[in-house]
Trainee: 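I have a structure I would like to understand better, so I am pasting it below and will then ask my questions one at a time.
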Amino acid sequence: MSNLSVAKFGGTSVANFSAMQASANIVIADPNTRVVVLSASAGVTNFLVELANGCDPVHRATVIENVRQIQYAILDELKDANIIRQEIDRYLDNIESLAEAAALATSPALTDELISHGEMMSSLIFVEVLRELNCQATWLDVRTVVATDEHFGKASPNDEKTQHNADNVLKPLINQGELVVTQGFIGRAPSGKTTTLGRGGSDYSAALLAEVLNAKDVLIWTDVAGIYTTDPRIASAAKRIDTMSFAEAAEMATFGAKVLHPATLLPAVRSNIPVYVGSSKAPEQGGTWVTRDPQPRPTFRAIALRRDQTLLTLSSLNMLHAQGFLANVFNILAKHKISVDTITTSEVSVALTLDKTGSASSGAELLSNELLTELSALCNVKVDTGLSLVALIGNDLHIAAGVAKRIFGTLEHYNVRMISYGASTNNICTLVRSSDADNVVRALHAELFE
Ligand code: ADP
Ligand code: ASP
Ligand code: MG
């Protein structure tokens, strides 16, 4: 293990000039941070996704102007922005031509190429911000390191190739004493095309780079001072968790705690790399350390919320005493690359929610017409939307007495559409109406954590 840290700054931490300066100062203050992984400035990726999905010329011009203004607002505060402005203008021109192409015919490959521009621009500007603070940094195109498959929108890294590239491209720079600034979220397919790791994927990029560099830790700098007992935007009484395990953090991320992308924990767990989460605006407030086996392991750790859930209820009298029905259903879902999240079954019906974690960059709908047609050939299909999944995360929940009573007592006035309890020792999930979701989180938080 080296003494090197990989630091990642999310969208709000590079949203504007003062945020970039605060982030740059964090980098400068820590001599161990030799690799900096950046997201696009807040809002930029959403605008680029809009362009990639195709818009009419008038709307297109407005959206491009919005992106330009976000980046120009930062350039305007630099002492000498001439050279970098030319480079940003080149990216903006590129965005314009790609957006025009997307309006004619959009494609997943084109989408990834287009939305990669957000990270390219923020990372270029950040090098300049560092330079004006007397800190020399080397800008690196991360696609020369992060190799992925060709699954545009939610690509999987090729670990071996990425390791090889890191050894040949990234390590020599670090060994020469360079501070490397690069992009999160993006990679390169074998064809040479740009790919993305799914929305929020910069956390994952940072953990991957930490792994191939054998780093001592990954520092995730964001807009909250750590991981809280629930999203502090929903429950202001949420408390920061000082240390938690990889398993707990992975559960939280999977069930919607956006503060970490779920895949971030894969390399961290695999290579036992501690992950720190802190606020780039207020680093002095401290943060959360996620490690392999911290103590204590409380029964109740946190509450996570995942909005926009789709509930599929599949029913068929043929299910009665039949064999192979679920196998058929799962085969169809697998064919459409859909993973099931929670599931309950009865004699003639099965209800399941679909996993949208780390959703594809384009935000495309999970339930395609082809999928519904195939399922309808097998059984009756009912689709319910407007639902949210509230997950209680903890330890040994399956053997803790009285948990269900406390949960259902607290939720007695809410319509609980589905529950999933018993399969995992680390979570209990309830599906509720989206309009109730925030209140359900607050009520459970008050009962279990306050
Ligand atoms: P970044 O752009 O830095 O990646 P994100 O917006 O993706 O930041 O993640 C940070 C946000 O995660 C916070 O602003 C907060 O609203 C949300 N969040 C959700 N659950 C939690 C939690 N349990 N603890 C802290 N933040 C949470
Ligand atoms: N910019 C990308 C997104 O908004 C990746 C990230 O921020 O992690 O999803
Ligand atoms: Mg994020």
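Both ligands and their constituent atoms are indexed starting at 1 by order of listing.
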Trainee: Quick one: nearest non-hydrogen protein atom to atom 27 (C) of ligand 1, plus distance?
Mentor: Val259 CB, 3.7 Å
Trainee: Quick one: does ligand 1 sit under 4.0 Å from the side chain of Lys8, the backbone, both or neither, non-hydrogen atoms only?
Mentor: side chain
Trainee: What about Gly11: any of its N or O atoms under 3.5 Å from an N or O on ligand 1?
Mentor: yes
Trainee: Got more than 12 heavy atoms from elsewhere within 6.0 Å of NE2, His164?
Mentor: no
Trainee: Passes salt bridge (charged side-chain N to carboxylate O under 4.0 Å, His left out), Arg233 versus Asp223? Steps please.
Mentor: CA-CA 11 Å; Arg233 286 180 208 243; Asp223 61 354; 2.7 Å; yes
Trainee: Could you walk me through whether Arg297 and Asp396 pass the salt bridge (charged side-chain N to carboxylate O under 4.0 Å, His left out) test, one step at a time?
Mentor: CA-CA 9 Å; Arg297 294 171 74 247; Asp396 300 328; 3.6 Å; yes
Trainee: Please state which protein non-hydrogen atom is closest to atom 16 (O) of ligand 1 and give its distance, to 0.1 Å?
Mentor: Arg233 NE, 2.7 Å
Trainee: Considering only non-hydrogen protein atoms, determine which one is nearest to atom 13 (C) of ligand 1 and report residue, atom name and distance to 0.1 Å.
Mentor: Asp223 OD1, 3.4 Å
Trainee: Taking everything shown except Lys171 itself, do over 12 heavy atoms lie less than 6.0 Å from its NZ?
Mentor: yes
Trainee: Using heavy atoms and a 4.0 Å limit, tell me yes or no: is Ser280 in contact with ligand 1?
Mentor: no
Trainee: What residue and heavy atom of the protein are closest to atom 21 (C) of ligand 1, and at what distance?
Mentor: Asp231 CA, 3.6 Å
Trainee: Can you pull out the closest protein heavy atom to atom 25 (C) of ligand 1? Residue, atom name and distance to 0.1 Å, please.
Mentor: Gly226 O, 3.4 Å
Trainee: Heavy-atom contacts under 4.0 Å between Pro232 and ligand 1: side chain, backbone, both, or neither?
Mentor: side chain
Trainee: Using a 4.0 Å cutoff against the non-hydrogen atoms of Gly10, which atoms of ligand 1 qualify?
Mentor: 1 (P), 2 (O), 3 (O)
Trainee: Determine, step by step, whether Arg433 and Asp384 satisfy the salt bridge (charged side-chain N to carboxylate O under 4.0 Å, His left out) criterion, reporting the C-alpha distance in whole Å, the side-chain angles of both residues, the deciding distance to 0.1 Å, and the verdict.
Mentor: CA-CA 10 Å; Arg433 274 199 297 263; Asp384 283 303; over 6 Å; no
Trainee: Atom 3 (O) of ligand 1: which protein heavy atom is closest, and how many Å away?
Mentor: Thr222 OG1, 2.7 Å
Trainee: Compile the protein residues with any heavy atom at a distance under 4.0 Å from an atom of ligand 2; present them by chain, then by number.
Mentor: Ser39, Ala40, Thr45, Glu119, Phe185, Arg199, Gly200, Gly201, Ser202
Trainee: To which protein heavy atom is atom 23 (N) of ligand 1 closest, and what is the distance rounded to 0.1 Å?
Mentor: Tyr228 O, 3.0 Å
